[in-house]
Amino acid sequence: MKGLRGIRIAVMLLTRLPLPAPVLAEDEDMAQASWAYPLAGLLVAALAGLVGLCALAVNIPAPVAALLALATLIATTGAMHEDGLADCADGFWGGWDRDRRLKIMRDSHVGTYGALALVVFCLLRWTALSALFAAGSVLAPLIAAALVSRAAMVFVMDTLPNARDDGLSKSTGRPGKSNTRIAAGIAAGITVLLLGWTGLWVILAAVLAGFACARLATAKIGGQTGDVLGMTQQVAEVTILVVLLALA
């Protein structure tokens, strides 16, 4: 599934943008649209960047502009990736075996580990964006981080088996090697166009973050869930922003 239909399905799955939802013929449609996950990220990052640029244009300080951009990212995705991060933090470190970890991850309540993870990751994102905005770099870091972090999601989704027999990730299905390669190609190509050679460091950072998340999820629950994919996106995004800040 290529083209506008795939993009619409990706936007429906990964954002809360009020776009007309496509009619799905079968669950397999969602997996086949995984190639377009980076493009869904590009869309929300562009909106966040526009908010940041408008804020800076009316002399709002960079830290406040960065916070507004971050709030836009969270609002347009419905905080689904942040929720996955919190659930994984609670489950991975709050449970003593695989079944207990999966049970904790399914609980809608946020525990101590989850709350701490959210605070730390949001602070890292905000601090990095504040410094990048102050240096005059707004759209490029937001878009690169959004693209490549969602390609990392597709990689983990394709590489690891499902950790449970139900849930969003199980119902979505496996993307397959072809869709994974297309997602990676889209993310890498646009990132290099935006950042030049710096984009290669961003891609390397995301690859390492994706591998780390995959290894952690395998060790803790033996596979991936929707929460693991959300955690992967957050870890990759923070890693990318920190790398860009270090190279600025």
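The structure presented is a predicted model; accordingly, all values stated were derived computationally and were not measured. These values consider heavy atoms only, across backbone and side chains, with no hydrogens, waters or symmetry-generated copies.
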Can you list, pair by pair, the side-chain donor-acceptor contacts under 3.5 Å of residues 127-151, counting residues two or more places apart and other chains?
| from | atom 1 | to | atom 2 | distance (Å) |
| --- | --- | --- | --- | --- |
| Thr127 | OG1 | Leu123 | O | 2.7 |
| Ser130 | OG | Trp126 | O | 2.7 |
| Ser130 | OG | Trp126 | NE1 | 3.3 |
| Ser149 | OG | Ala145 | O | 2.6 |
| Ser149 | OG | Ala146 | O | 3.3 |
| Ser149 | OG | Gln233 | NE2 | 3.0 |
| Arg150 | NH1 | Ala146 | O | 3.2 |

*Mind checking the OH-CG spacing from Tyr37 to Leu13? Nearest 0.5 Å is all I need.*
5.0 Å
*Polar side-chain atom of Arg16 near backbone of Gly78 as donor-acceptor pair, under 3.5 Å*: no
*asked:* How close do Leu160 and Ala217 get, counting heavy atoms only, and between which atoms?
replied: CD1-CB, 4.1 Å
*Could you state the interatomic distance from SG (Cys213) to CE (Met153), rounded to the nearest 0.5 Å?*
11.0 Å
*Met231 and Val235, any side-chain heavy atoms less than 4.5 Å apart*: yes
Just distance, no hydrogens or angles: give the donor-acceptor pairs under 3.5 Å from side chains in residues 60-76, sequence neighbours left out.
| from | atom 1 | to | atom 2 | distance (Å) |
| --- | --- | --- | --- | --- |
| Thr72 | OG1 | Leu68 | O | 2.9 |
| Thr76 | OG1 | Thr72 | O | 2.7 |
| Thr76 | OG1 | Leu73 | O | 3.2 |

_Let me check something: do Ile240 and Leu194 share a hydrophobic cluster, defined by ILVMFWY side-chain heavy atoms less than 4.5 Å apart, either directly or through other members?_
yes
_Applying side-chain contact (heavy atoms from CB on, under 4.5 Å) to Val192 and Trp197, what does each step give before you reach the verdict?_
CA-CA 7 Å; Val192 170; Trp197 291 112; over 6 Å; no
*Looking only at heavy atoms, what is the nearest atom pair of Thr225 and Met105, with distance?*
OG1-CE, 3.6 Å
*asked:* Pair Gln234, Glu82 - check side-chain contact (heavy atoms from CB on, under 4.5 Å), show working.
replied: CA-CA 7 Å; Gln234 289 286 286; Glu82 289 81 3; 3.5 Å; yes
*Can you tell me how far the CG atom of Asp227 sits from the CE atom of Met80, to the nearest 0.5 Å?*
9.5 Å
*Could you pull out the closest heavy-atom pair between Ala209 and Thr239, with the gap in Å?*
CB-OG1, 4.0 Å
*Check the hydrophobic clustering (I, L, V, M, F, W, Y; side-chain heavy atoms under 4.5 Å; chains of links allowed) and say if Val154 and Met12 are grouped together.*
yes
*When you look at Glu237 and His81, which way does the side-chain contact (heavy atoms from CB on, under 4.5 Å) test go after all the steps?*
CA-CA 11 Å; Glu237 181 176 299; His81 306 307; over 6 Å; no
*asked:* When you compare the side chain of Trp35 with that of Ile7, does any pair of heavy atoms fall below 4.5 Å?
replied: yes
*Identify the two heavy atoms, one from Arg101 and one from Ile221, that lie closest to each other, and give their separation to 0.1 Å.*
CB-CG2, 4.0 Å
*Measure across Pro38 and Ile186 and return the closest heavy-atom pair with its distance rounded to 0.1 Å.*
CB-CG2, 4.4 Å
*Answer whether the closest heavy-atom distance between the side chains of Leu124 and Leu241 falls below 4.5 Å.*
no
*CH2-SG distance between Trp93 and Cys88, expressed to the nearest 0.5 angstrom*: 8.5 Å
*Side-chain heavy atoms under 4.5 angstrom apart, residues restricted to Ile, Leu, Val, Met, Phe, Trp, Tyr: same cluster for Phe92 and Val110?*
no
*Evaluate the side-chain proximity of Pro161 to Gln224: yes if any heavy-atom separation is below 4.5 Å, no if none is.*
no
*asked:* Using every non-hydrogen atom in the two residues, find where Gly223 and Ala163 come nearest and quote the distance to one decimal.
replied: C-CB, 3.9 Å
*Distance-only, no hydrogens or angles: does the Asn162 side chain make a donor-acceptor pair with backbone N or O of Arg164 under 3.5 Å?*
no
*In terms of hydrophobic clusters joined by side-chain contacts under 4.5 Å, are Phe155 and Val243 together?*
no
*How would you list, by chain and number, every residue that makes a salt bridge (charged side-chain N to carboxylate O under 4.0 Å, His left out) with Asp158, sequence neighbours excluded?*
Lys177
*asked:* Taking Gly111's backbone N and O only, do any of them form a donor-acceptor pair with Asp90's side chain (distance below 3.5 Å, no angle check)?
replied: yes
*Point-to-point distance, once rounded to the nearest 0.5 Å, from CG of Leu4 to CZ of Arg8*: 8.5 Å
*Give a yes or no on whether Leu208 and Val228 share a hydrophobic cluster (residues Ile, Leu, Val, Met, Phe, Trp, Tyr; joining criterion: side-chain heavy atoms under 4.5 Å apart).*
no
*Report the C-alpha distance between Thr15 and Leu43 in whole Å, list the side-chain angles of each, state the deciding distance to 0.1 Å, and finish with yes or no for side-chain contact (heavy atoms from CB on, under 4.5 Å).*
CA-CA 9 Å; Thr15 80; Leu43 181 57; 5.8 Å; no
